[in-house]
Q: 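Before anything else, here's the structure in question.
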Amino acid sequence: MEFRNCWAKINLSLRVVGRLQSGYHDLCSVFFKIGPVDCLTINEDVEDNVRVIFSRTKSGIQGRNILLKALDRIRAAGIAVPPLDMRLEKRVPPGTGLGGGSGDAAALLDYLASAGYPVGRFAAEIGADVPFLLSRVSAALARGAGEKLSPLQASPAQWRVVVAIPTWRCVTADMFARLDEYFHDEWKSTSERACSEARQVFDRLVRGEFCGLLPNDFSDLLLRERGEYRALFADFYRSGAIAWGISGSGSSAFALWNKNDFRGFSTALPWVEDVLVF
């Protein structure tokens with residue numbers, strides 16, 4: 001029996017700067033690792049099986065689980081991975097912009113790599129966030145579809161992070177399609193400007209400076225449709241956070257505190273389904 005912790009991420013900035021030849025959006029983002037959020041238990045067995053247990057939220061997985069998709073891709077390349085019985089204990093539901101599924105897949109790849117299977121090259125194919133969550137770095141400037149990583153220097157211990165998960169979910173593909181309609185392919189920023197902005201924001205956070213709402217192209221769209229976020233952001237501000245925002249394409253929101261200033265966080269907002277503190 002093998003155990004693997006699974007990590008997730010928040011986006012300290014996220015700008016769409018164009019389209020890639022693959023059809024995916026070209027991004028510039030700062031990924032910051034949080035967790036562990038899920039736990040994966042693996043046994044070799046006579047057939048593949050994934051049992052998913054949500055420990056905090058009332059959620060479910062639609063369609064084929066990413067762990068089984070990852071095994072399909074690896075075996076299709078001729079790598080003879082034996083059948084695996086997997087138990088996945090989840091705190092982070094899908095549709096929250098935290099890359100929880102990618103973190104689960106990264107944990108599986110880490111297990112397979114430790115067993116001697118050459119699976120690292122499949123990371124980006126399985127999910128855009130998988131390379132980062134499989135890496136040993138805590139923060140990175142991510143470009144392309146999210147697979148081109150430049151590590152950033154930060155100590156995870158310097159911040160406390162609160163993630164608020166609302167009762168609604170945002171399907172990534174749908175959100176990018178809606179963003180296309182919203183911007184009409186006239187993106188706010190170029191790659192050069194977006195990466196400069198991302199580094200400036202990250203440097204300010206490392207220095208412990210107040211930043212307020214962090215840059216994310218999905219924020220404009222979601223704040224128009226879900227004014228509830230503003231009430232949560234006000235709670236973050238009153239509680240002493242130095243920065244807050246929406247992670248990925250939503251739906252979760254997060255805030256950062258300088259560690260020595262954190263006195264806990266709670267909210268009475270009825271649409272906040274769960275609050276996680278890291």
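Predicted model, so just to flag it, every value in this text is computed and none were measured.
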Q: Cationic tip of R226 within the cone over W168's six-membered ring, i.e. under 6.0 Å and within 45° of the normal?
A: yes
Q: Do V130 and V81 share a hydrophobic cluster, counting only Ile, Leu, Val, Met, Phe, Trp and Tyr and linking them when any side-chain heavy atoms are less than 4.5 Å apart?
A: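 As far as the 4.5 Å side-chain criterion goes, V81 and V130 are connected within one cluster.
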Q: Does atom OH of Y182 have more than 12 heavy-atom neighbours from other groups under 6.0 Å away?
A: yes
Q: Please determine whether side chain to side chain contact (heavy atoms under 4.5 Å, CB included) holds for the pair L40 and R87, giving the CA-CA distance in whole Å, both sets of side-chain angles, and the decisive distance to 0.1 Å.
A: CA-CA 6 Å; L40 180 64; R87 174 187 170 94; over 6 Å; no
Q: Got S114 and R4 here, is their nearest side-chain heavy-atom distance under 4.5 Å?
A: yes
Q: Using side-chain heavy atoms (C-beta onward) and a distance below 4.5 Å, is L68 in contact with V50?
A: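 They are in side-chain contact.
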Q: Around Y237, counting heavy atoms of other residues, nucleotides and ligands shown, do more than 12 lie under 6.0 Å from its OH?
A: no
Q: Not counting sequence neighbours, list each pair that qualifies as a side-chain hydrogen bond (donor to acceptor under 3.5 Å, both in side chains) and has a residue in residues 252-268.
A: D235-T267
Q: What about I42 and F3, same hydrophobic cluster or not, with Ile/Leu/Val/Met/Phe/Trp/Tyr joined at side-chain heavy-atom distances under 4.5 Å?
A: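 No, it is not one cluster - the side chains of I42 and F3 are not joined through contacts under 4.5 Å.
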Q: Hydrophobic clusters here meaning ILVMFWY residues chained together by side-chain heavy-atom distances under 4.5 Å, can you tell me if V272 and W244 are in one?
A: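 The answer is yes; both residues are in one hydrophobic cluster.
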Q: With R193, which residues qualify under salt bridge (charged side-chain N to carboxylate O under 4.0 Å, His left out), at least two apart?
A: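 By the salt bridge (charged side-chain N to carboxylate O under 4.0 Å, His left out) rule, R193 matches no residue at all.
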Q: Parallel, tilted or perpendicular: which fits the ring planes of H25 and W187, with parallel below 30° and perpendicular above 60°?
A: perpendicular
Q: Please determine which of D104, L108, V92 meets the side-chain contact (heavy atoms from CB on, under 4.5 Å) test together with C6.
A: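 Exactly one pass, corresponding to D104.
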Q: Go through the structure and list residues passing side-chain hydrogen bond (donor to acceptor under 3.5 Å, both in side chains) with D48, not counting sequence neighbours.
A: R75
Q: Under a 4.5 Å side-chain heavy-atom rule over Ile, Leu, Val, Met, Phe, Trp and Tyr, are L133 and V163 clustered together?
A: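 The answer is no; the residues belong to distinct hydrophobic clusters.
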Q: Between F132 and K33, is there a cation-pi geometry (under 6.0 Å to ring centre, at most 45° from the normal)?
A: yes
Q: Taking the basic N atoms (NZ, or NE/NH1/NH2) and the acidic carboxylate oxygens, is any pair closer than 4.0 Å for R51 and D85?
A: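 Salt bridge: yes.
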Q: Please say yes or no: joined through hydrophobic side-chain contacts below 4.5 Å, possibly via intermediate residues, are L179 and V17 part of one cluster?
A: no
Q: Could you give me the CA-CA distance, side-chain angles and deciding distance for D38 and R91, then say whether side chain to side chain contact (heavy atoms under 4.5 Å, CB included) is met?
A: CA-CA 6 Å; D38 300 339; R91 287 196 299 168; 4.3 Å; yes
Q: Please assess D110 against R136 for the test salt bridge (Lys or Arg N to Asp or Glu O under 4.0 Å), listing each intermediate value before the final yes or no.
A: CA-CA 11 Å; D110 181 66; R136 304 303 183 207; 3.1 Å; yes
